Amino acid sequence: MTHYTWHFEAVWENLPLLLQGLWDTCLLAPLAMAVGLVVGLGVALLRLSGVWGLSAIATGFTELFRTTPLLVQVIWVYTVLPLLTGIALSPFVSGLVALGLNVAAFMAEIYRTGITSIDYSQKQGALALGMTRAQAMRRIILPQAVRRMIPPMTAMWVALFKDTSILATIGVVELMYQARVVASDTFRPLEVFTAVGIIYFLLTYPQALLVNWIYDRLRVHS
Amino acid sequence: MSVTWDLGVVTHNIGYLLAGLRMTIVLSLVSLALGLAVGLAIALLRLSRWRALRWAAGLYIDVWRSTPFLAQILWVFYALPILTGYALTAFTAGVITLSCHASAYLAEVYRAGILGISPGQRQAALALGMTNAQAARRIILPQAVMQMLPAIGSQSINLFKESALVSIINLQELMWYAESLSGFTMRSVEIFSATALIYALLTYPQALAVNYLHRRQRAA
Amino acid sequence: MSTAVLRVKDLQKSFGALEVLRGVSLEVQRGEVIVLLGASGSGKSSFLRCLNRLEEPSSGSIYLGDVEVTAVSANLAQIRRRMGMVFQHLNLFPHMTAVQNVMEGPRTVLGLRRTMAHSLALRMLAKVHLTDKAEARTWQLSGGQQQRVAIARALAMEPEVMLFDEVTSALDPELVGEVLTVMKQLADDGMTMIVVTHEMAFARRVADRVLMLDQGVVIEEGPPEQIFGAPTHERTRRFLRRLAWEEQAT
């Protein structure tokens with residue numbers, strides 16, 4: 001290791017810029033999550049619909065978005081979608097769409113496995129009591145399914161938060177983008193990237209701890 | 001939709017894409033192998049008797065899992081050389097980042113796998129007169145490995161997908177060629193669609209294998 | 001020098017503030033069948049597990065023949081080879097077939113070659129009447145069959161003493177008999193056995209000596225006729241009455 005003197009002034013002086021990026025990060029993640037939760041539910045319902053055509057489309061969508069890198073999806077949406085539809089999208093919106101679809105695919109899986117994992121005997125028990133299928137779903141199946149879905153959903157959220165960094169590649173001005181700007185402006189990549197790494201860590205780690213806590217609590221009950 | 005698909009662009013340039021694919025596969029497999037080995041070492045540190053080692057391993061895992069991969073690859077390629085005084089090739093930086101990243105997740109998989117084996121198994125092995133090492137080798141680890149295979153498979157899939165981000169430091173793997181070709185041929189739709197398809201073909205069999213292993217486990 | 005196979009002096013065991021064993025002593029001669037009775041929490045399972053130090057005694061000494069089990073420098077692996085243990089929850093190795101389970105000890109611990117270990121294992125399986133199930137996977141066997149495989153696995157090491165930790169407590173009632181039959185046979189063949197159990201009939205017919213444990217101490221000790229016929233301690237009488245009721249009910 002060479003003797004190196006750290007110059008964190010580069011970070012302090014540009015903190016406002018970095019924090020601006022952070023703001024975008026914190027905006028993107030919840031928006032993408034919201035999109036993903038809703039679209040994912042639609043996809044899951046299609047898949048469970050029983051109609052072969054709809055189910056196949058849903059499965060295709062899910063598998064496609066889960067087997068390809070997020071970077072490919074982001075760049076595809078940003079460069080290809082405008083060409084296909086004729087609508088120009090800002091980097092922020094394209095990024096949001098790509099992230100949202102990505103989350104939707106994973107959420108569709110979570111919804112599906114959550115619902116199908118509830119033992120059929122639960123439904124039988126409910127029907128035997130005289131409930132309608134809708135009541136059985138609402139009172140017995142869904143509450144249990146939701147509890148099963150919460151741990152993987154929270155893990156998904158943490159991953160999503162980190163994945164917002166990928167949008168820097170298409171020019172979305174979030175934290176990672178600003179990091180690269182500042183690093184090249186100040187010629188201090190070590191300090192800047194280390195500081196940004198620490199910022200991500202400080203934001204993500206508590207959420208990861210929360211996820212672990214949720215996993216532990218919900219596991220005991222099921 | 002007023003776009004015509006020109007598949008010729010893909011077939012014409014398939015050589016580049018395949019060259020990129022080869023680099024992606026090499027990068028991913030090397031990183032996976034390293035990640036499996038390093039992950040095991042970290043997991044054993046996590047389970048060690050000394051608190052300092054456990055804490056250090058825990059910190060390693062938390063740092064690599066709580067920061068985005070993009071931040072990690074940029075740090076390893078641009079920042080680390082400043083600290084060590086040694087420049088890294090893009091490939092080396094890619095391998096280091098991918099394996100450390102994967103090892104943090106794999107360490108947790110290993111730990112859960114080993115701890116998931118009922119303590120009675122170890123007791124039965126010891127009662128027969130086995131040493132701890134024999135019990136680990138013959139009884140605990142074989143069962144743990146079988147349990148862990150689906151999770152390891154998932155990590156492998158993630159690794160293959162993450163390798164695309166190494167394009168950012170100009171490693172000429174699949175994504176890099178896709179971006180270059182797209183700029184060169186001005187036909188992003190076909191190129192990126194083909195690229196997406198190639199990645200899907202790379203990871204889908206792995207996903208099927210993981211599902212199969214998962215189902216077999218639940219049956220037994 | 002005593003001829004006892006196993007000598008236990010003043011064994012004590014605490015889990016933090018909880019005292020589980022408060023000074024238990026026992027001498028076991030070759031070929032003796034000792035049955036330990038007692039309510040849950042009386043310490044009988046802990047006692048058994050201390051004998052091969054799967055649980056660590058807090059104080060006291062244990063001698064297997066001339067070797068001190070409780071010595072700090074004791075070679076536990078070697079000592080445990082001379083004792084066979086059968087568990088309540090089986091602990092068969094699920095990634096192996098029945099015969100592989102029985103072979104595992106002789107192969108890995110004793111270093112026997114595979115073919116020799118295999119024929120030894122088949123002989124042991126024959127002893128427990130399971131030759132036809134040699135190639136079965138553990139989950140394909142009934143609870144009683146699994147427990148018999150576990151016994152064969154312990155026997156394959158040719159131990160000097162066999163320790164049985166409530167081996168029938170987790171079994172369905174119909175399956176208990178086949179396991180007890182095997183155990184009685186072992187006793188008739190002269191095996192030294194220490195058995196923790198609730199099975200009264202077994203204790204009455206097979207035991208040479210019965211020990212009654214309560215709250216970590218032996219409150220009564222003697223031949224079965226004495227313990228079952230004329231127990232002196234009030235708690236013994238109460239315990240036996242309750243067990244007799246359970247026996248009659250099933």
Side-chain angles (χ1 to χ4, degrees), chain B residues 36 39-40 43-44 47-51 54 106 109-154 209-220, chain C residues 45 48-49 51-56 64 75-96 100-111 117 137-140 146-147 149-165 167 170:
Chain B
L36 284 169
L40 181 59
L44 292 175
L47 294 169
S48 95
R49 271 180 294 163
W50 289 283
R51 189 171 342 148
R54 288 204 307 266
L106 286 169
V109 170
Y110 287 134
R111 196 170 73 102
I114 292 176
L115 293 179
I117 305 298
S118 123
Q121 288 292 306
R122 183 167 171 266
Q123 288 176 353
L126 290 178
L128 283 175
M130 289 195 204
T131 61
N132 270 313
Q134 286 172 327
R137 196 169 40 92
R138 297 284 303 173
I139 306 301
I140 309 287
L141 282 180
Q143 292 184 56
V145 167
M146 287 261 53
Q147 288 273 27
M148 298 191 280
L149 280 180
I152 294 179
S154 287
V210 168
N211 285 343
Y212 169 72
L213 286 170
H214 219 86
R215 274 199 312 265
R216 238 188 57 159
Q217 252 184 28
R218 222 167 281 166
Chain C
S45 272
L48 210 66
R49 280 155 184 263
L51 292 182
N52 63 2
R53 281 178 71 180
L54 279 185
E55 273 179 37
E56 281 296 334
L64 180 66
N75 186 331
L76 286 178
Q78 264 187 11
I79 291 172
R80 288 171 181 152
R81 286 182 210 177
R82 299 164 59 188
M83 300 199 240
M85 185 167 228
V86 188
F87 301 81
Q88 179 177 6
H89 297 293
L90 307 164
N91 296 331
L92 287 184
F93 305 135
H95 57 306
M96 300 177 180
Q100 284 170 340
N101 261 273
V102 181
M103 276 167 65
E104 186 58 25
R107 269 194 78 193
T108 305
V109 180
L110 299 179
R137 294 264 158 202
T138 53
W139 63 81
Q140 294 171 317
Q146 288 184 35
Q147 203 58 295
V149 172
I151 295 176
R153 181 175 66 178
L155 284 178
M157 300 294 289
E158 294 180 356
E160 296 165 32
V161 58
M162 285 280 280
L163 308 172
F164 293 86
D165 190 359
V167 302

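Keep in mind the model is a prediction, meaning the values are calculated, not measured. The chains referred to below are lettered A, B, ... by the order of the sequence lines, with proteins before strands, and numbering in each begins at 1.
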What distance do [X] atom [atom1] and [Y] atom [atom2] have between them, rounded to the nearest 0.5 Å?
X	Y	atom1	atom2	value
C:Arg53	B:Leu126	CZ	CG	12.0 Å
B:Arg138	C:Arg107	CZ	CZ	5.5 Å
B:Ile139	C:Asn101	CD1	CG	7.5 Å
B:Thr131	C:Gln78	OG1	CD	11.5 Å

For this session: Side-chain contact test, heavy atoms from C-beta onward, threshold under 4.5 Å: evaluate it for C:Pro94 versus B:Gln121 and give yes or no.
Result: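 Side chain of C:Pro94 against side chain of B:Gln121, heavy atoms only: contact under 4.5 Å found.
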Problem set entry | Any side-chain heavy-atom pair of C:Glu104 and B:Met130 under 4.5 Å |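 Yes. Closest side-chain heavy atoms under 4.5 Å.
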Exercise. Which heavy atom in B:Gly129 sits nearest to a heavy atom in C:Val109, and how many Å separate them?
Worked result: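 Taking B:Gly129 first and C:Val109 second, the nearest heavy atoms are O-CG1, 3.6 Å.
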Seminar exercise, completed: On a heavy-atom basis, the closest approach of C:Phe87 and B:Ala124 is CE1-CA, 3.6 Å
For this session: Look at the side chain of C:Asn52 and the backbone N and O of B:Ala127, then say whether any donor-acceptor pair between them is shorter than 3.5 Å.
Result: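 Side chain of C:Asn52 to backbone of B:Ala127, a donor-acceptor pair under 3.5 Å: no, none is there.
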For this session: Find the one option among C:Arg153, C:Arg82, C:Arg137 whose heavy-atom pairs under 4.5 Å with chain B are most numerous.
Result: C:Arg153
Exercise. What part of C:Met83 lies closer than 4.5 angstrom to a heavy atom of chain B: side chain, backbone, both or neither?
Worked result: backbone
For this session: Can you tell which part of C:Leu163 gets under 4.5 Å to a heavy atom of chain B, answering side chain, backbone, both or neither?
Result: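 C:Leu163 has no heavy atom closer than 4.5 Å to chain B.
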Exercise. Is it the case that more than 12 heavy atoms not belonging to C:Gln140 sit under 6.0 Å from its CD atom?
Worked result: yes
